[in-house]
Amino acid sequence: MSNLRFRAVEAAAHKKAIKVLSPSSRPSSYFAYKVFNREKMQKYLPKEIFEKMIDVIDNGVRLNRDVADAVAEGMKTWAIEQGVTHYTHWFQPLNEGTAEKHDAFIEPDSHGGVVEEFSGKLLVQQEPDASSFPSGGIRNTFEARGYSAWDPTSPVFVIEDTLCIPTIFISYTGESLDYKAPLLRSLHAINVAATEVCQFFDTTVKKVTSNLGWEQEYFLVDEDLFYARPDLLLTGRTLMGHDSAKNQQMDDHYFGIIPDRVKAFMKDLEIHALELGITCKTHHNEVAPNQFELAPIFEDTNLAVDHNMLLMSLMKRVARNHGFRVLLHEKPFDGINGSGKHNNWSLSTNTGALLHAPGKTPEENLRFVVFIVETLKGVYRHNGLLKASVLSATNACRLGGHEAPPAIISSFLGKQLSTLLDEIETADTKDSLLVKGKRQLKIDIPEIPELLIDNTDRNRTSPFAFTGNRFEFRAVGSEANCASAMIALNTAVAEALADFKIRVDNYIKSGKDKISAILKAVREDIKYCKPVRFEGNGYTQEWYEEAQRRGLDTEQSCPEIFKCYLTEDSVQMFERMGVMTRKELEARNEVKWETYTKRIQIEARVMGDLSLNHIIPVAMQYQSALLKNVDAMRTVFPHDKADQLGERNFRLIEEIAERSSIIERSVEELIEARKVANKIDSEYEKAVAYHDTVVPKMEAIRKQIDKLELIVDDACWPLPKYRELLFIR
Ligand code: ADP
Ligand code: MG
C-alpha cells in the first residue's frame, strides 16, 4: 500500500481531536476583545473625539482630519497594548476574498532610530499599488493607482500582530473596485427610500437599517486526503469521483452527533470569532456528510458582510490547526448536497422591526403589508438581476441541482400571508372595508396578527422565502461575498419603495385620503408582482415551464445570466439609486466573465492532467493485469474453457479500452475547445464559449472516469474515493 491515497487514508484515520484551551473566562468577557469598538473608543479617545466618532458612525457625519488624527492616536495606543506592530487597509476586491497590504507602524526618527507612528492620514487613506486586482479595465495597468479609504462604520480589529482597517477600494477616477463601496451606497439608498415610506405611518422614524443574518455552510476534509486530491487542492472541488454507497440517504448526519475532531475545530473557531466580535450563535451538522453550518446573530448589513468575510478567512486558518481543510466551494462533491449561504434579510427602523407582524396598531400592520409587497415588487422586477447577483462558475454547479433553489428567482410567503395579499388585492376598491376609513380599517387589518402567528410552514425549495420576520435569500453561494446579493436586493427594494412613494403622493394630491392612497398603490403592486409568488415545489420541471409562462428569468447559462446587470432596467435602477454607474457595471461584468473563464480553465486543465497522468495509466495497468490473467488461464485450461471462465475479464478489458479511448479523445477535444475559446477577445463571448464547449466536455470525461473507478482494482486507484473523503471519524 504505497500509493498516496492509502497513506492519506491511514493518516486521517489515526488523527485525534486537538484539545482546545478555551479562555477560562466566559464568552461575554472576551467578546470583541480584538475589536476597537465603542467601548474601547470611549476608553482610548478624548471625550469630544469619541462623541464626534459616534456621530460619524450613527449619523453619517463627515469625518474631518483632526478627528481622524486623534482617533488614529487612540487606536495606536490600544493596538500597541495588544502587541500589534503592523497595520493594514483591509478591503474586498472583486475576485472575492479579502486583500491586505501590511505596513509597520515604524517611521524613522531624526536620530537614526525609529518611532511608532500612525497618523489620521494613514488611517483614512492609502494608495496600495493594486494593479493586479481585477478592475474590468477601469484601471489600466499604467494607471495602477487605487485608493483605499476607511469605512468608520465598521470597526477596526486585530489579527495576530496586525491592526486591520476596513476600507472601500476605489480607482483614481472614483469608480468602485470592490464590494463595500456599492454596498454602502445601496444601504444609503434603502435608508432614504424606506424612511420616506415609513413617514406615511409614523413620523418618528428617522432611519431604516438593512439587516443581514447569514448562515454559512461548509465542508471539512481531512488535510492528508485533501493533499491526495489535486483537484480539491487546485479547484476546490472534486472533478471526478463515484458516489459513495452510503452518502446522505439516511439523513443521519443532519443535526447528528458532531465528531470530536470537528467539535474541537468549531470550538476553536468560535473562540476566535467571538474575540473578533462575531456573535456565533448556532452550529450544527448539515444534510451531507462532513457538511456543517455556522450562523451568527443578525446585524447591520455592512458589518454582517465584513464579519462573514472575516469568518471565512478565519475558518481556513483555524481548520489548518486541526488537520482539516475547509471547502467553501458550492459543490465540492457530486451527488450530495452543496453548500449555500442563506442571507436572512430584514429592515428595521430606529423604532423597531419592519417585516414583523403583528404590529401594535392597524397602521403598523398596513406598513408591514406595504414593505412585504414592495420587497416582492423589487424582487419581481429584477428577478434576473438577483439571480445574476448570486451566480458564479462555482455556484452554477449547485443551483438547480435538486437540493438548492432552482436558478429561477421566486418568493414563498406561506399560506397565510399569501391569502392576506389575495384578500387585499380582490377587496372591492369602492366598498371594501379597507378603504372606508380608519375605523373600519381597524376591523380588517388586525386580522393580520392571527394570520401570521402560526406561520411556521416552510418551503426549502424557494430561493426567497418569508420566514416570519425576514426574507431568507437561499440562492447565495457559500463562497460568495454576501455583499453582491445585498447590493442587488437593497437597491431593488429601494427603487420599489421610491416608486411607491411617488404614486401615493400623487393619489393624495388628487384628493384621496392617505390610507386609501396607500391601499390603492399597494393593490396595484400586489397585482403587478404576482408572478414572482410561488408556493409549490421549485425543484420540478413543471415549475420551470410555469415560470417561463410567467415571464420569470429562466436562463440557465451563467455567462448569459450576468448580462442581467447590463439591461436598461438594471442600469437605470443602479444609476437612479446612486449605487453604481453604467461604467462601473460594465467593468464589473468584465470581471465576472473573466473570473468565470479562469475558473473553468483551471478546472479543465486539472481534468486533463488527472485523466492522462493519474487515471489512464492506472486503468492500463489494471488492464494489463487482466490480460496476463487471460494468458495464464490459457496455460492451465484448454482455450475454450479458459475463455469461458475468463468471460468477465474479457468484458472488463474491452470496457477499459473503450472508456480510456473516449477519455483520451475527449481530453484532446477539451484542449482544442480551450484553444478556440482563448482566441476570443470579448470576455463575454469567451465565457460563453467556455460554458458551451468546455464544460460539457469535462462532464463527458467525468462520466467515463467514474465508471472506471467502479471497475478498476481498488488497490491501484490513485485518488481518495468519496467514501474516504466524506466520513470524518
Ligand atoms: P434556520 O436554519 O431555521 O434558517 P438558523 O438559526 O440556522 O435558522 O439561522 C437563522 C438566521 O437568521 C441567523 O443568522 C439569524 O441571525 C437570522 N435572523 C433571525 N432574525 C432575523 C431578522 N429579523 N433579520 C435578519 N436576520 C435574522
Ligand atoms: Mg436558514
Side-chain angles (χ1 to χ4, degrees), residues 27 31 183 186-187 190-191 194 198 207-218 251 253-256 258 266 269-270 273-274 277-288 291-312 315 337-359 364 367-368 371-372 375 379 403-405 411-414 417 452-478 480 482-483 485-486 489-490 493:
F31 178 71
L183 177 70
S186 73
L187 297 177
I190 191 122
N191 175 19
C198 283
K207 186 176 174 181
V208 174
T209 309
S210 147
N211 303 307
L212 166 62
W214 41 263
E215 299 161 56
Q216 178 73 52
E217 291 178 342
Y218 61 96
D251 284 331
H253 188 66
Y254 196 50
F255 289 144
I258 301 173
M266 285 177 168
L269 173 64
E270 284 173 15
L274 285 163
I278 305 170
T279 53
C280 301
K281 178 85 176 156
T282 57
H283 63 227
H284 57 76
N285 290 351
E286 259 305 325
V287 176
Q291 194 187 26
F292 308 94
E293 181 189 292
L294 185 149
I297 297 170
F298 71 93
E299 54 195 344
D300 152 69
T301 297
N302 180 35
L303 203 53
V305 167
D306 283 359
H307 280 164
N308 181 248
M309 297 308 287
L310 201 49
L311 182 93
M312 288 195 289
M315 275 177 139
N337 283 10
S339 301
K341 178 149 52 199
H342 298 174
N343 278 205
N344 293 271
W345 173 89
S346 67
L347 295 172
S348 57
T349 72
N350 50 310
T351 63
L354 275 178
L355 300 179
H356 193 264
E364 265 184 35
R367 187 178 76 177
F368 165 77
F371 275 90
I372 293 287
T375 301
V379 171
E403 61 191 51
S411 182
F412 169 87
L413 294 180
L417 185 51
L452 285 180
I453 270 168
D454 58 350
N455 185 9
T456 50
D457 49 345
R458 294 212 155 194
N459 182 335
R460 288 267 154 209
T461 72
S462 178
F464 195 76
F466 185 68
T467 54
N469 60 354
R470 61 190 189 265
F471 280 95
E472 190 169 339
F473 194 5
R474 300 207 183 99
V476 183
S478 48
C482 301
M486 291 295 103
L489 178 60
N490 282 307
V493 177

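Numbering of ligands and ligand atoms starts at 1, following listing order. These numbers come from the heavy atoms of this one structure, side chains and all, not from hydrogens, waters or symmetry mates. Sequence positions, counted from 1, serve as the residue numbers for this chain.
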Contact with ligand 1 for Glu472, non-hydrogen, under 4.0 angstrom: yes

Asn191 and Leu187, any side-chain heavy atoms less than 4.5 Å apart: no

Heavy-atom side-chain proximity of Phe298 to Asn344 below 4.5 angstrom: no

Distance-only N or O hit between ligand 1 and Ser346, under 3.5 Å: yes

Side-chain donor or acceptor of Lys341 paired with backbone N/O of Ser478 under 3.5 Å: yes

Mode of Ile297 contact toward ligand 1 - side chain, backbone, both, neither (heavy atoms, under 4.0 Å): backbone

Sub-3.5 Å N/O-N/O distance, Asn344 and ligand 1: yes

Phe464 and Phe473 aromatic ring geometry - parallel, tilted or perpendicular at 30°/60° bounds: perpendicular

Heavy-atom donor-acceptor pair, Glu217 side chain to Gly340 backbone, under 3.5 Å: yes

Whether Glu293 lies under 4.0 Å from ligand 1, heavy atom: yes

Any N/O pair Pro296/ligand 1 closer than 3.5 Å: yes

Short side-chain to backbone donor-acceptor contact, Trp214 and Ala304, under 3.5 Å: yes

Closest to atom 10 (C) of ligand 1 (judged by heavy-atom distance), picking from Arg470, His284, Arg474: Arg470

Any Glu215 heavy atom less than 4.0 Å to ligand 1: yes

Pair Asn211-Ser348, side-chain donor/acceptor within less than 3.5 Å: yes

The one among Phe298, Trp214, Trp345 that brings a heavy atom closest to atom 21 (C) of ligand 1: Phe298

